[in-house]
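So that the names make sense, note that chain A is the first sequence line, chain B the second, and so on, each numbered from 1.
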Number of protein chains: 2
Amino acid sequence: MSQPIADHPFTPHDHQQCIDQAMARAEALCRRQRARLTPLRRRVLELLWQSHRPVGAYELLEQLRTGSRAAPPTVYRALDFLQRVGLAHRLASLNAYTGCCYPGESHAGQFLICRSCQASSELSSAGVSRSIRQATAAAGFSVEQQTVEIHGLCSRCRED
Amino acid sequence: MSQPIADHPFTPHDHQQCIDQAMARAEALCRRQRARLTPLRRRVLELLWQSHRPVGAYELLEQLRTGSRAAPPTVYRALDFLQRVGLAHRLASLNAYTGCCYPGESHAGQFLICRSCQASSELSSAGVSRSIRQATAAAGFSVEQQTVEIHGLCSRCRED
DNA sequence: AACAAAATGTTATAGTGTTACATATCACAG
DNA sequence: CTGTGATATGTAACACTATAACATTTTGTT
Ligand SMILES: [Zn+2]
Ligand SMILES: [Zn+2]
Ligand SMILES: [Zn+2]
Ligand SMILES: [Zn+2]
């Protein structure tokens, strides 16, 4: 498994590098999958990567509207595409969306979400996945999709 | 930790016993906490325990309406109360609510949700909690609330 | 150039949850 | 009891999130 795009999103870092890497890997992934990263879809992905804070669909819509007009289906379709090819996730506990840190790699969506700075960090913890598989196997349950969203305080916000 | 109300909700069982036990433990818990389990709140809790399928707020509203009238705030307030005292949970990935199987005991909400029969089972897996704490501690993150919702197929639905 | 498939625009509507304020019920002190 | 403040419920309007249905444009291919 290669390096995640943002390994420590809660600590100060060169975020432009996150953005550049995310867009570069998105390009590559879409080329490989023959998926069309159109200007609109690219724009939405860029908006998602503006920060590590998950963004609501209507907030994206606002930002898209500067210049062109746009209605809800526009942004929802772009988000559907990004989720389908594995470039973004939806966070059910926030009704918000975020760029994927492991594009093109099979992984379960596991997220840490700071209630103070609102940033989120995508984990891909084998230990968590394993313990979930163990707990579910004991019940004879076969896992198809997992929603793991941990709310709390990130290291940086705890200092204050 | 005492026995959960429904240990194996996916397998055939005497569900009336689930209901009776849930209501009895709710009474006891509210007495202990000096919380008021009013007729309305009790009714909503009974509706939640009609089956092991999580129920949407507007679906509860429909059922409340047989007889008395009711508007959204009525059911949302009852659900808020039930969640506050620890008698119910909200499942973010479903926008639905379900009765708690471990009332009065400190536990993280972890759920298995079958896409075929729609039933859900509340886990309280120490292993899952531990691996989450480990993974988050490594990042210096302090957990306050966890959303763990595992979608898949239950043992019974896998047989078919 | 002609055509089919994919993407986007547009309007309306469905589904989920909250705000604000009025009314009713309850608990408790006097 | 009875008044009084706190808690719970009724009611109407509204905010936020997401989708359906259909028209139009763009793209890739023959
Ligand atoms: Zn970054
Ligand atoms: Zn991801
Ligand atoms: Zn049962
Ligand atoms: Zn519970």
For atom [atom1] of [X] and atom [atom2] of [N], their distance in whole Å:
| X | N | atom1 | atom2 | value |
| --- | --- | --- | --- | --- |
| B/Tyr76 | D/dA13 | OH | P | 19 Å |
| B/Asn95 | D/dC16 | CG | P | 17 Å |
| A/Glu59 | D/dT17 | CD | P | 9 Å |
| A/Phe81 | D/dT19 | CZ | P | 18 Å |
| A/Arg77 | D/dT25 | CZ | P | 15 Å |
| A/Arg34 | D/dT27 | CZ | C1' | 16 Å |
| A/Leu40 | D/dT24 | CG | P | 20 Å |
| B/Arg84 | D/dT7 | CZ | P | 11 Å |

If only side-chain N and O atoms of B/Thr74 are considered, is one of them under 4.0 Å from the OP1 or OP2 phosphate oxygen of D/dG10?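 For B/Thr74, the contact criterion (side-chain N or O under 4.0 Å from OP1 or OP2 of D/dG10) is met.
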Determine: side-chain N/O of B/Thr38 to OP1/OP2 of D/dT9, distance under 4.0 Å, yes or no.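 For B/Thr38, the contact criterion (side-chain N or O under 4.0 Å from OP1 or OP2 of D/dT9) is met.
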Pick one: which of A/Glu122, A/Gln83, A/Gln110 meets side chain to side chain donor-acceptor pair (under 3.5 Å) with A/His89?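 The passing option is A/Glu122.
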Could you tell me whether [X] contacts a base, only the sugar-phosphate backbone, or nothing, with contacts defined as non-hydrogen atoms closer than 4.0 Å?
| X | answer |
| --- | --- |
| A/Arg90 | sugar-phosphate |
| B/Arg41 | sugar-phosphate |
| A/Arg36 | sugar-phosphate |

Chain B contact limits on DNA chain C, taken 5' to 3' with a cut-off of 4.0 angstrom to heavy atoms: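 Extent of the interface on DNA chain C: C/dT16 to C/dC26.
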Do NZ/NE/NH1/NH2 and the carboxylate oxygens of [X] and [Y] come within less than 4.0 Å?
| X | Y | value |
| --- | --- | --- |
| A/Arg43 | A/Glu46 | no |
| B/Arg25 | B/Glu105 | yes |
| A/Arg53 | A/Glu59 | yes |

Looking at A/Phe10, I'd like to know if the NZ or CZ of A/Arg156 sits under 6.0 Å from its six-membered ring centre while staying within 45 degrees of the ring's axis.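 No - A/Arg156 does not lie over the ring of A/Phe10 by the 6.0 Å and 45° rule.
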Backbone N/O of B/His151 and side chain of A/Gln146: donor-acceptor pair under 3.5 Å: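 Not a single qualifying donor-acceptor pair exists.
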Here's a test of your reading of the structure: between A/Pro72 and A/Ala78, which maps to the more 5' nucleotide of DNA chain C?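 Counting from the 5' end, the first nearest nucleotide belongs to A/Ala78.
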Per the atom types in the model, does the base of D/dA18 pair as donor or acceptor with the side chain of A/Tyr58 at under 3.5 Å?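 Yes.
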Would you kindly confirm whether B/Leu153 and A/Val143 end up in one hydrophobic cluster when ILVMFWY residues are joined by side chain heavy atoms under 4.5 Å apart?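 Different clusters: B/Leu153 never reaches A/Val143 through Ile, Leu, Val, Met, Phe, Trp or Tyr contacts under 4.5 Å.
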